[in-house]
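Below, chain A is the first sequence line, B the second, and so on; all start at residue 1. Just so we're clear, the structure is a prediction, and the values are computed from it rather than from any experiment.
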2 protein chains.
Amino acid sequence: MSPSNRSRLRAHPASLPPSTSSDGTRRRILETALQLFASRGYHDTSIRDLAKVLELQPSALYAHFASKEHVLAELVRIGHEAHHEALQAALKDAEPEPRQQVRALVRAHTRTHATHPQLAVVVNEELYALTPELAAPAIALRDKSTELLAEVIERGMAQKCFAPPHPRVTAAAISAMGVRLPYWYDQGSTLDVDTLAEAHAELALRMLCGDLAR
Amino acid sequence: MSPSNRSRLRAHPASLPPSTSSDGTRRRILETALQLFASRGYHDTSIRDLAKVLELQPSALYAHFASKEHVLAELVRIGHEAHHEALQAALKDAEPEPRQQVRALVRAHTRTHATHPQLAVVVNEELYALTPELAAPAIALRDKSTELLAEVIERGMAQKCFAPPHPRVTAAAISAMGVRLPYWYDQGSTLDVDTLAEAHAELALRMLCGDLAR
DNA sequence: GTCTATATATCGATAGAC
DNA sequence: GTCTATCGATATATAGAC
């Protein structure tokens, strides 16, 4: 571990999404790894660091995961699945009208990143540390999530309710609002998650609709 | 170095900003470190990896930098200074009217991230790897750059030409468009930097002005 | 300023007892 | 499933010749 005491994230207890099925020691390993990988990075966190926080011997971890990389892979899988399922559920519950669908997608995207910032950071910054084989399922899910937004934008443009300056650039800008959240947003501040999600939804619609009446 | 062949960035020759004063072997070290730190990460790049690409012995690097961390610190310094100077120059050349100032800031922010994607990634993802002492100057510059945008937004709101849903959230959203660029934008694609910068400027104004006439 | 050689520490992972 | 003990590889950095 490096001598730096700086952390990548404002420290919070690391939380896995409710859908996470692991329990017992396996779950403790995932939660602790999430905390350490988010704050120090995967390559700067050793098996010994993990074991020390868990009050286990390093060798005990290998009864639960085949390797350090497999711990990261599981976190990456959990994060991508929770995110994608949140987007799908939001779309399903929203009215079919494009503006309502964008609102629903952006709110879900923002809520995911605001309520699980450590998982968001690990998923986004450490994916490249996985071998292509272990990263592939996550990349596939990511592409599907990207496509959900792209399709809604296209439909809105066809219906003349969206007129973004550049569809792909605008989609990236909408996604970026959420992805950057963990680096500045402080849970428990005066700005609550609902207000934040609503502000992002409004910003997304301003980007897409521009001068068009809303 | 990890067994993964994945890279964090679409590979391009790493370029330092024109202002970089180093030359000779010192500059070659910085350019090579920039390439490796951006694609593999600081903690996954060893002194031996660096030396191998440079066709030098590992010990030769210590005639130019006191440590691996000092190489990163110099890259982080270069990146933050180039970025901040670009923002200041843009503001200086722009008309004082808030909308024109935002246009100028966003264009400069986007151009910096689009033309030096490796430097942007290293500056943003590896700053935490520095000891607080070495990171402090960069953090101070970052705060000043953030303040440049915040001030223009405040002035625009006072003049009733900006009405963002939430000033701090909107400033973060505007910044995020640029910061996320290196992860998807491909230099040399059909989307040129000027078009991209203009699209981002337009998106920023849509976020800030909303229904107000432009 | 680059080399050869190496000091010293830590890494991920395994063997085998219980 | 956790322990003790350790293997073999690799890490950053230094010493001293040229």
Report the residues that fulfil salt bridge (charged side-chain N to carboxylate O under 4.0 Å, His left out) with [X], sequence neighbours left out, ordered by chain and then residue number.
X: B:Arg155; value: none
X: A:Asp194; value: A:Arg111
X: A:Glu126; value: A:Arg8

With nearest nucleotide decided by heavy atoms, which residue, A:Ala63 or A:Arg48, maps closer to the 5′ end of DNA chain D?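 Its nearest nucleotide lies further toward 5', so the answer is A:Ala63.
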
Determine all donor-acceptor pairs shorter than 3.5 Å in which one atom belongs to a side chain in residues 133-153 of chain B; sequence neighbours excluded.
{"from": "B:Arg142", "atom 1": "NE", "to": "B:His80", "atom 2": "NE2", "distance (Å)": "3.1"}
{"from": "B:Arg142", "atom 1": "NH2", "to": "B:His80", "atom 2": "NE2", "distance (Å)": "3.0"}
{"from": "B:Arg142", "atom 1": "NH2", "to": "B:Val123", "atom 2": "O", "distance (Å)": "3.3"}
{"from": "B:Ser145", "atom 1": "OG", "to": "B:His84", "atom 2": "ND1", "distance (Å)": "2.8"}
{"from": "B:Ser145", "atom 1": "OG", "to": "B:Leu141", "atom 2": "O", "distance (Å)": "3.3"}
{"from": "B:Thr146", "atom 1": "OG1", "to": "B:Arg142", "atom 2": "O", "distance (Å)": "3.0"}

First and last nucleotide of DNA chain C, 5' to 3', lying under 4.0 Å from heavy atoms of chain A: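 With heavy atoms of chain A under 4.0 Å away, the range is C:dC11 to C:dA15.
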
Hey, does A:Ser59 reach any base, or is it just sugar-phosphate, or nothing, if we go heavy atoms under 4.0 Å?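 Counting heavy atoms under 4.0 Å across all strands, the contact made by A:Ser59 includes a base.
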
Send over the distance from A:Tyr62 OH to D:dT4 P, rounded to a whole Å.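 Atom OH in A:Tyr62 sits about 17 Å away from atom P in D:dT4.
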
Non-neighbouring partners of A:His113 that pass ring-ring contact (aromatic ring centres under 6.0 Å, His included), sequence neighbours left out: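 With sequence neighbours excluded, A:His113 shows a ring-ring contact (aromatic ring centres under 6.0 Å, His included) to A:His83, A:His109, given in chain and number order.
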
